[in-house]
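Worksheet: the structure to be examined is printed underneath.
In each ligand, atom 1 is the first atom listed, and ligand 1 is the first ligand listed.
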Amino acid sequence: MKILVIGDIVGESGVEKAKIVIPQIKKEENIDFVIVNGENSAGGMGITEKIFKQLLNCGANVVTMGNHTWGKKDIFSFIDEPQIIRPANYPKGVVGKGYGIYECKNKKIAVINLIGRTDMNVLSENPFIKINEILEEIKGKYDYSVLDFHAEATAEKIAMGHYLTGRVDIIFGTHTHVQTADERILENKTAYITDVGMTGPEKSVIGMDIGVSLKRFETTLPEKYKLAGGDCICNACIFEINDEKRTIMKITRITR
Ligand SMILES: [Fe+2]
Ligand SMILES: [Fe+2]
């Protein structure tokens, strides 16, 4: 089983890049399953139904979200679609779901989305407690488990990796928009990377216009963010599982 993960897709130009790159990687690398983080895909904040469908059409099996889940009101019209999940540790009663179980090559893949609490400015429940509840809920209902931990702090993500070693098969981070070079297989059991990176404008400050970003830092005034223009890069990761032994074999980082 080969699972492709595409980090935060930033803006419509990022979506266009994903539309080209996902089918290419799928074909070249014989990818079976694709997970895409779509929290910044519509104008840099949130996602629309149109973009959600475009991502599915170009090969995504699941779209995960993050702190910008509710950035576009459109989401309330398709949040119940099975292929979109949002952080599971929002308070009880919030619309949508925090995980899904998907069929692929006669296997069931549980994909879970959580959001961190360090420097995230989101009122969420403790992800370290929530994950235990979820793993209990889905016990016996899946073959492989994958977690998108959408978090700012490297330490929180690394801690989650160690916390879930041997309990979740693949853990990848999103949100910082910069791919980290720390991919590893923890205790030969759990594939881990702190951040997959982004698919969005290369000449930018994590996808946003450099001038606007500099003005914000220089003046501290609340200048409105603007998406950067220009060519996009795509950051992604491929996770390879040996289906016979049910073990993680390899993690490959990609930049296109
Ligand atoms: Fe984010
Ligand atoms: Fe993001």
Side-chain angles (χ1 to χ4, degrees), residues 4-18 21-22 34-48 51-52 54-55 60 62-75 79 84-90 94 96 98-99 111-125 127 130 146-158 160 171-180 193-210 212-213 216 224-229 232-237 253-255:
L4 171 69
V5 173
I6 306 278
D8 305 41
I9 295 182
V10 183
E12 284 69 8
S13 61
V15 174
E16 290 308 310
K17 178 78 176 179
V21 169
I22 293 175
V34 181
I35 304 169
V36 164
N37 185 293
E39 72 141 8
N40 307 109
S41 56
M45 282 178 195
I47 187 168
T48 59
I51 290 174
F52 172 59
Q54 285 176 341
L55 294 175
V62 194
V63 176
T64 56
M65 297 299 284
N67 52 309
H68 294 300
T69 301
W70 318 115
K72 297 282 177 287
K73 278 185 189 158
D74 211 25
I75 191 159
I79 188 79
I84 185 161
I85 59 172
R86 47 76 175 160
N89 50 329
Y90 284 150
V94 169
Y99 66 85
V111 183
I112 307 158
N113 195 185
L114 284 173
I115 195 162
R117 294 208 296 182
T118 307
D119 296 333
M120 287 299 284
N121 214 5
V122 172
L123 293 168
S124 57
E125 292 173 11
K130 189 69 194 176
V146 185
L147 168 65
D148 174 356
F149 191 29
H150 194 82
E152 176 73 28
T154 306
E156 193 177 7
K157 290 175 176 175
I158 292 176
M160 187 63 89
I171 300 168
F172 66 89
T174 54
H175 178 70
T176 69
H177 294 201
V178 177
Q179 189 174 74
T180 54
I193 185 165
T194 298
D195 209 291
V196 177
M198 74 163 181
T199 293
E202 185 170 22
K203 219 173 160 191
S204 69
V205 176
I206 63 167
M208 296 297 141
D209 181 85
I210 295 173
V212 170
S213 188
R216 285 177 63 110
K224 199 170 182 261
Y225 275 122
K226 192 174 102 186
L227 278 171
C232 288
I233 50 151
C234 170
N235 290 151
C237 259
R253 284 186 289 117
I254 301 176
T255 296

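The atom name of the N/O/S atom in His177 closest to the Fe ion (ligand 2) is NE2.
If you count the protein N, O or S atoms nearer to the Fe ion (ligand 1) than 2.8 Å, you get 4.
The two residues Ala151 and Glu156 make their nearest non-hydrogen contact at CB-OE1, 4.3 Å.
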Next on the checklist: Show, in sequence, the C-alpha distance, side-chain angles and deciding distance for Val94 and Trp70, and conclude whether the side-chain contact (heavy atoms from CB on, under 4.5 Å) test is met.
Outcome noted: CA-CA 11 Å; Val94 169; Trp70 318 115; 3.6 Å; yes
Assess the residue pair Phe172 and Asp148 against the criterion (side-chain contact (heavy atoms from CB on, under 4.5 Å)); give the C-alpha distance rounded to whole Å, side-chain angles, the decisive distance to 0.1 Å, and a yes or no.
CA-CA 5 Å; Phe172 66 89; Asp148 174 356; 3.3 Å; yes
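For the residue pair Asp195/His175, the side-chain donor-acceptor check at 3.5 Å is not satisfied.
Looking only at distances, a side-chain donor or acceptor of Lys157 sits under 3.5 Å from a matching main-chain atom of Thr194.
The environment of Lys72 atom NZ is dense: over 12 non-hydrogen atoms of other residues, nucleotides or ligands sit within 6.0 angstrom.
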